[in-house]
Every structure is written in structure tokens, then in C-alpha cells.
Chemist: 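Please find one structure pasted underneath; my questions will follow.
These numbers come from the heavy atoms of this one structure, side chains and all, not from hydrogens, waters or symmetry mates. Along the sequence shown, residues are numbered consecutively beginning with 1.
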Amino acid sequence: MGSVKRVVAGGPVFGVALLLAAPPQAAARAAGSPISDEQVKARVEALLGQMTLEEKIGQLTQIGGGPFPPGGKPEETVRAGGAGSVLWVDNKRFNELQKVAVEESRLKVPLLFGLDVIHGYQTIFPAPLGMAASWDPAVEERAQAVAAKEARAAGVHWTFAPMVDIARDARWGRIMEGAGEDPYLGSAMAAAQVRGFQGPYLGAPDRVIACVKHFAAYGAAEGGRDYDSVYVPEGLLRNVYLPPFHAAVRAGVGSLMSAYMDLNDVPAVANRFLLRDVLRKEWGFQGFVVSDAIAVGNLLIQGFARDGRDAAERAFLAGLNMDMASGTFPQHLPGLVRDGRITVAQIDEAVRPLLAVKFRLGLFDQPYSDDARAREVLGAPEHRREARLAAQRSLVLLRNERGLLPLKKTLSSVAVIGPLADSKHGTEGGWMVFGHVPAAVTVREGIRGKLGDAARVEYAKGPDIKRDIPSFLDDILGGPPKSTETPAEAEVAFAEAVKTAQKAEVVVMVLGEESNMSGEAASRASLDLPGRQEELLKAVVATGKPVVLVLLAGRPLSINWAAANVPAILEAWQPGSEGGHAVADALFGDVNPGGKLPVTFPRSAGYSPFYYARNLTFQPEGSPMYRSRYWDGPTTPLFPFGYGLSYTTFSYANLQPELPQVKVGGRVGVSVDVTNRGSVAGDEVVQLYVHQKAGSASRPMRELKGFERVALKPGETKTVRFGLGPEELGYWSTSTGKWVQEAEAFDLWAGGDSTAPFHADLTVTP
Ligand code: NOJ
């Protein structure tokens, strides 16, 4: 056996102890900033003193600068001081519009440009679900720092990210934009993204302002249908859906976006409980809140507000600072102030954080972006290197029978087959900005590059895949090319793909979902491989050739047949610009996959919502009497949360708390040894789960409360140490209506996924 090292889980990256000790939000932000809080305050008050009511309300208004909403005349509005921010502006338009604001408007207040920079601006990183599969907050932080640098150089000041909605229903298309099902992993990724986007303080050079969204519980949309109502009891809200938002606020996030849907019958954009009681009063949030696009105006459609005026009043008074593109604030707030429904002091209070952020960003001194700087920064080679590393770390090996992977580089021929094998859109994934031309290395290109001229790399697309009902976002953002394939052409493509497989030594099939099949307005009723992909997979496997399946998708897919019949499966998510290289690196053993699933893979859509942290029932787990919760399928997942294989194997030993007991309010260390038992180096994500055995409310059978991705050489052992304190051992109790930590017995488990078998006991004493 090799050396034994100690690793402190989360230490520099996501130490909960560090979080608890973190200074209040404002102080954390100001450290290192060239402009002090006092200076910002003084400049804000001086400017506010010069503003008319209409100009103030202009600052609370965000207008669309691009094709959305259609028919707008941004220049006129900006010249009149009627907009504080513009969203969705094409690169070339930033400076044009800014010039109008700072040279032609009365008070010359610069515009704040906001855009969805979700997983990269020009250099595209894995989509957030894939980044979460890395279980590596440091790599996510670096990725978003690159995204921020490119976006800022291009003229963007503010990104509508991170999206931190917990999603436990894979039918919901937006599951790809978040970190998956778990609040602990989700909180770590949320904080990492805020640090990456914003840097050490608000307004730091080469960074942007982050906007945590969608507040709150959007991921619990009924039936997984996008925009549908959400009913979440307070316990679930506080224990599961809110923690990643709280983590982002603690990390100093500058802004927050309210969600579209009703939360327990009150639309999130007009939800005073969320926006005032929780966000401002409990968490002390000092940034600004923006609505989601057209959400204020749509309070009428939602059957909540009587008319536009009612909508503006209720959203504003609930705690909204900025109206995104519904036009309701400029239309109605002046009248509401004149009629005494809203005071000028309340308007001033809403405007202050918006002006403050512009001062912090230095926009009054340097409002324009610099084309030369943009050329230097966008797509820089070091950004591509970082994207390749991130994509490598996001890969999850789901199956590898008889060691089919890694493949040998001496292969004479490989067939690369499937509708995503050479799709730049599918490789980059969703949420690309205007004018973005996908420049991803596809899996076909990655394999070609890896093998060089010595091997034959044949490609066949097979039949096209497409949505049954198109997405409105395809037209706005530019989705994958529209398929015009006829059934007869599909038949030919099918036969061609099988023929290509027959001629090869090994087949790599790249299947899954196109970029527009997940994301906003991309929910599905099925989780199966779309189109004829499974049929093609079966036909190719029937050729008897060794088949490796690479999945590209923004959600878990119910690949039951593949999981039983295809010897090797690699989940690559939406891996970004360098995706094809990263996949080839793993397929040919230059990289050993070490990612783990941030979501449970259900056996079918009918299992949804499905997640590991369920409460126990009144029967023992596995009881023969009440076992058949479904009679047409096991209740176990296809692949559990936290799961992922490696080209090596790991063993665990010595799981133990430092002491068997800890007092309420105290902290105890828990350590476990992990050893690489194979002959190649590899990463293991060591996971710690807890279960409170009794209490004032039932607790989930397992909850993740610590993780660490460790690299181990062959034969090497490391001791990983976690900390458990009130934050990990407490919860919001429905019975008492408050946060509690209870003197009770706990189970601890450690291992490489959420079924971790290594157990220890811990007792919390009064
Ligand atoms: C609607 C989406 O829900 C939100 O996530 C996004 O930031 C805005 N549109 C602006 O693009």
C-alpha cells in the first residue's frame, strides 16, 4: 500500500465553517474594491438628488435591446432616461446604446447590460448540470471566471446566472441549467459560481455582476412542465430549495431574479414572503432584485393582478427593484406615486442598489467596451484549455464491462455514429448568446484528432432527431439546424449507419438530446432517447461489434436497454467547446473519468420526481410486504445520485467520527480512508451522508453533508476529513416552525455514491 495523506474536505473551497464565519455581505464585497462603501453611498445620494421621478423609475426599468420584445425602440427610451438596463443586446450594439445613454440623456447615467452567460460567452464550458457532475467547485469557479472575463470584454456587465434551482424531476427541461437534485452540492456550486463571476468584490476587473435565479422553487414545477405552478411546503422550501440561494447571498451575489411561477398560489415576482421576509430580513441581502422577462405584466395572465397598475404596485411593494421588459413599471409607477400608493422614499430605496452597482462597476468613468480588448480575450487559447479540463472533469462513466474502456490508440478503424456525433450545437449545449457561432470540437473531431492518420474514422449520422413541438427560443437564440429529413431519407441514413458500424473495429455511438431539447421551454413527457436512436443502437449492437455509448444531453435519460446491453457508457452532458477532445481523452485513457451523477437516473419518466433524499415509509426499506411501490418496476433508480465508475477501483475503510458524541451547537470531525486498488491513477468523489433517526419531524433517509474529489495514485490511500456541526446536523422543522438542532442519534455513511455502505453512529447530546 502507498502513502496515507490527509485531505480536509471542502477546506478552501466550500468550508461550511468558513461560510458561517464569513463577514456580512457588504463588508465581504468591499474588501479590495477601489471604491469604498461610503464613496458609493455619497455618489448615489448626489445623483439621486438630481433625478426626476421618471428618471428614477427609468433606473428600475430594463428594456429589450435585441429582437425581444419585438418592435421596441431602445434608443428613444434610453435618450429619455427611461431605461437603466438593457438585456439581450447583440455585441455590436453595446457601445451604440451606451453612447446614447452617456452622451444624449439628461443625467448621462450609463446603462447596465445584462445577458444570459450561463456556461461561457465565446468559450463554452459544460452546461451547469455537467459542471456539477465534476463535484469540483474550484473548476466551476474558474470556468465562470473565464466566462466573466470574456463577457465583460465584449461589453456585458451582468449575467443572469447562476441558476441554482434544485431539480428533482428530469422531465423539467431546465434541469440542465442547475446543479441537480441536492441542496448541499447545489449550494457549493452556487457559491463557486458567484465567486467565479464576481471575483473578490463587486466591480472587480474582468468580472461581471452575478444574478442568482429563479427565486424560488421553480425546479418543482408540477409534472416537470415548464412555468407550471409550484406547491412546496415551507419545510421542503427551507431545507431543499432555498439553501443554494442562501449560499449565493452569503457569497455576496449582487442581484437576484424572481421566478415566473406561482409558489403556493402567490406568483414569485410578487411574493413578499420570498422577496422581503426571507431575502432581505432573514438573509440581509443588499443587492437588487429583477423580475424574470415580462413576468410583472404577466401577473394578469396568471390570474393574480387585476390590471397592469395592480401588477406594478404589488410586484414593487413585494420587493422587486427592476422590471425586466414588461414595461409595467414605467407605465404605472409614476401614477401610483402621484396617487400616494407608493412613496418617493420607497422608489429611492429601490433605485439605490441599482445606481450603486453602476458606480462599483466603474461605468460612470468607463462606460464603453473596447473592441481591441475583446479580440484579445474572446476564445483565448488558455480559455480553451480550461474548458477542456472542465469537460474532462464533468464526465461520468456509467458502465464499463470487461474493461472495454479505455480503447487502444492502435485501433485501425473506429465508426463514430449518431445524430450528436458531429453536432456542434449538441456538443456546446443550450443558452448561447446572439451572434454566437458554435465552434465546439465534436466527438467525431475529437476522436479523429486523437487517432491521427493511422486509423480510419468513419462517420454516419443516422436519422435526424427533432422536437415534436418546436421551441420559440430556437428562433430567438439560434438553435440547431431544422431537420427537413423525410421518412425515406431517414431509412437510408439508418441503413448507412449500420453499414458503417459493420466495417469498423470499434463503434462509438453518440446519442442523446440536441441542444434545444433541454433548457427553457424544453420539458418532456418521456425520458427515452428521442427519435429512432434506441432502435439504431440495438441494430448496431446486433452487428456484434464492441460498442461504446457516449451520451450528450442536458438531463438524465432512461437508457434501460443500453444500461443492460451496451458494454460501455460515458455520460458527457453538454460538454462545451472542447467537448469532443475531452470525450476522446477519456475514451482513449489519457484521462480517467472521475465525475459523479448530480441527479438520480430514473428508469422512466413515470418515476418523476425521483431523488435519493426521500423520507422513509412506515415499513422497513426492502420489506417483503410493502416492497412493491410500483408493481411494474423496481423502486431503485437506474443509476443513483452520486454514482460514477472509474478505470480503477476504490475501497473504503475506517469511517469514524472523532468522538461518538457531540453537543448541540458543537462540531465534530468525521474521517474515512479511501484507497486506489487498481493499477492506474484516478479520482474518487468521497461522499458523506447523514440520517437523523428521530426528531420533531421526519428526516430524509440520507442527506449529503460532505464531499471531496480526491486524486489517488495506484495503491495510494488518503484520509478524507469532514466536519459536522449545527449547519449540517440541523434543519427547519415543520413541527416547530423554526430551525432546530436536536439531541438525537444519527447514522453516518461514506462511500462513492448515495448508496454508500460504510456506516458509523453519531449521537448529538443536549
Ligand atoms: C427567461 C428565463 O427564465 C431567464 O432565466 C432568463 O434569464 C431571462 N428569460 C432573460 O433571458
Side-chain angles (χ1 to χ4, degrees), residues 16 20 164-169 180-187 190 214-223 228-247 249-250 259 261-268 271-283 600 608-621 626 629 641 662 664-665 689-705 724-748 754 762-766:
V16 170
L20 285 174
V164 305
D165 296 312
I166 295 297
R168 296 177 155 193
D169 188 333
E181 74 182 47
D182 185 74
Y184 189 85
L185 178 62
S187 297
H214 307 82
F215 201 52
Y218 183 22
E222 281 201 325
D228 237 325
S229 301
V230 168
Y231 291 97
V232 170
E234 193 169 353
L236 195 58
L237 188 69
R238 290 188 177 272
N239 290 316
V240 174
Y241 290 97
L242 294 185
F245 288 94
H246 198 188
V249 169
R250 285 164 147 178
M261 75 307 138
D262 288 339
L263 173 63
N264 302 328
D265 291 339
V266 181
N271 196 310
R272 180 182 278 269
F273 164 73
L274 285 176
L275 300 181
R276 287 213 184 273
D277 299 347
V278 175
L279 183 65
R280 302 267 182 205
K281 288 196 199 131
E282 287 182 29
W283 297 352
T600 302
S608 307
F610 203 45
Y611 51 94
Y612 80 94
R614 303 187 324 271
N615 284 11
L616 291 159
T617 76
F618 73 100
Q619 281 291 314
E621 278 292 297
Y626 291 88
R629 293 191 193 124
F641 173 82
V662 62
V664 167
Y689 294 87
V690 311
H691 167 233
Q692 181 174 331
K693 292 188 185 182
S696 63
S698 300
R699 302 304 302 136
M701 57 172 99
R702 286 181 182 208
E703 290 180 285
L704 182 72
K705 292 297 177 186
L724 294 176
E727 184 126 352
E728 292 79 16
L729 300 172
Y731 68 102
W732 198 90
S733 167
T734 297
S735 304
T736 64
K738 53 180 198 251
W739 289 99
V740 294
Q741 189 190 1
E742 295 169 334
E744 296 287 355
F746 283 76
D747 293 308
L748 309 181
S754 56
L762 177 71
T763 305
V764 175
T765 57

Chemist: Using only atom types and a distance under 3.5 Å, with no angle test, would you say the side chain of Asn264 pairs donor to acceptor with the backbone of Val232?
Modeler: yes
Chemist: Please walk me through it: do Leu729 and Leu762 pass side chain to side chain contact (heavy atoms under 4.5 Å, CB included)?
Modeler: CA-CA 11 Å; Leu729 300 172; Leu762 177 71; 4.3 Å; yes
Chemist: Check whether any side-chain heavy atom of Val764 sits under 4.5 Å from a side-chain heavy atom of Glu742, and report yes or no.
Modeler: no
Chemist: How about Val164 and Tyr218: do any of their side-chain heavy atoms sit closer than 4.5 Å?
Modeler: no
Chemist: Mark yes or no for whether Ser696, through its side chain, and Ser735, through its backbone, hold a donor-acceptor pair below 3.5 Å.
Modeler: no
Chemist: For the CG atom of Asn239 and the CD1 atom of Ile166, what is their distance to the nearest 0.5 Å?
Modeler: 12.0 Å
Chemist: How long is the span from the CE atom in Met701 to the OG1 atom in Thr617, to the nearest 0.5 Å?
Modeler: 8.0 Å
Chemist: Determine the minimum heavy-atom distance between Gly695 and Gln692, stating which atoms define it.
Modeler: CA-NE2, 3.8 Å
Chemist: If you compare all heavy atoms of Pro766 against all heavy atoms of Ala743, which two are closest, and at what distance to 0.1 Å?
Modeler: N-CB, 3.6 Å
Chemist: Which residue is it: Leu274, Asp165, Asn271? I am looking for the one with a side-chain contact (heavy atoms from CB on, under 4.5 Å) to Phe215.
Modeler: Leu274
Chemist: Taking side chain as C-beta onward, heavy atoms only, is Leu748 less than 4.5 Å from Lys705?
Modeler: no
Chemist: Checking side chain to side chain contact (heavy atoms under 4.5 Å, CB included) for the pair His691/Leu616: CA distance, chi angles, key distance, verdict?
Modeler: CA-CA 10 Å; His691 167 233; Leu616 291 159; 3.8 Å; yes
Chemist: Under the criterion side chain to side chain contact (heavy atoms under 4.5 Å, CB included), I'd like the reasoning laid out for Glu728 against Val690: C-alpha separation, chi angles, the key distance, then a yes or no.
Modeler: CA-CA 9 Å; Glu728 292 79 16; Val690 311; 5.9 Å; no
Chemist: Which atoms form the tightest heavy-atom contact between Gly235 and Trp732, and what is the distance?
Modeler: CA-CE3, 3.6 Å
Chemist: Would you call Leu263 and Leu237 a side-chain contact if the rule is heavy atoms closer than 4.5 Å?
Modeler: yes
Chemist: Looking at side-chain heavy atoms only, is the closest gap between Val266 and Phe273 below 4.5 Å?
Modeler: no
Chemist: Minimum heavy-atom separation for Val740 to Ser733, with atom names?
Modeler: CG2-CB, 3.8 Å
Chemist: Quick one: CD on Gln741 to CD on Glu727, what's the gap to the nearest 0.5 Å?
Modeler: 10.5 Å
Chemist: What are the two closest heavy atoms between Ala190 and Pro244, and how far apart are they?
Modeler: CB-O, 3.5 Å
Chemist: Under 3.5 Å, is there a donor on one side chain and an acceptor on the other for Asp265 and Tyr231?
Modeler: yes
Chemist: Could you give the distance from CG (Asp747) to CZ (Arg699), rounded to the nearest 0.5 Å?
Modeler: 13.5 Å
Chemist: Any idea which heavy atoms bring Tyr731 and Ala697 closest together, and the distance?
Modeler: OH-N, 3.2 Å
Chemist: Does any non-hydrogen side-chain atom of Arg168 lie less than 4.5 Å from one of Val240?
Modeler: yes
Chemist: Tell me whether the rings of Phe641 and Tyr612 are parallel (<30°), tilted (30 to 60°) or perpendicular (>60°).
Modeler: parallel
Chemist: In the structure I gave you, are the side-chain heavy atoms of Trp283 and Leu242 within less than 4.5 Å of one another anywhere?
Modeler: yes
Chemist: Run the numbers on Val662 and Leu724 for side chain to side chain contact (heavy atoms under 4.5 Å, CB included), then give the verdict.
Modeler: CA-CA 9 Å; Val662 62; Leu724 294 176; over 6 Å; no
Chemist: Which is it for Arg238 and Glu282 under the salt bridge (charged side-chain N to carboxylate O under 4.0 Å, His left out) test, yes or no, and what are the steps along the way?
Modeler: CA-CA 12 Å; Arg238 290 188 177 272; Glu282 287 182 29; 2.9 Å; yes
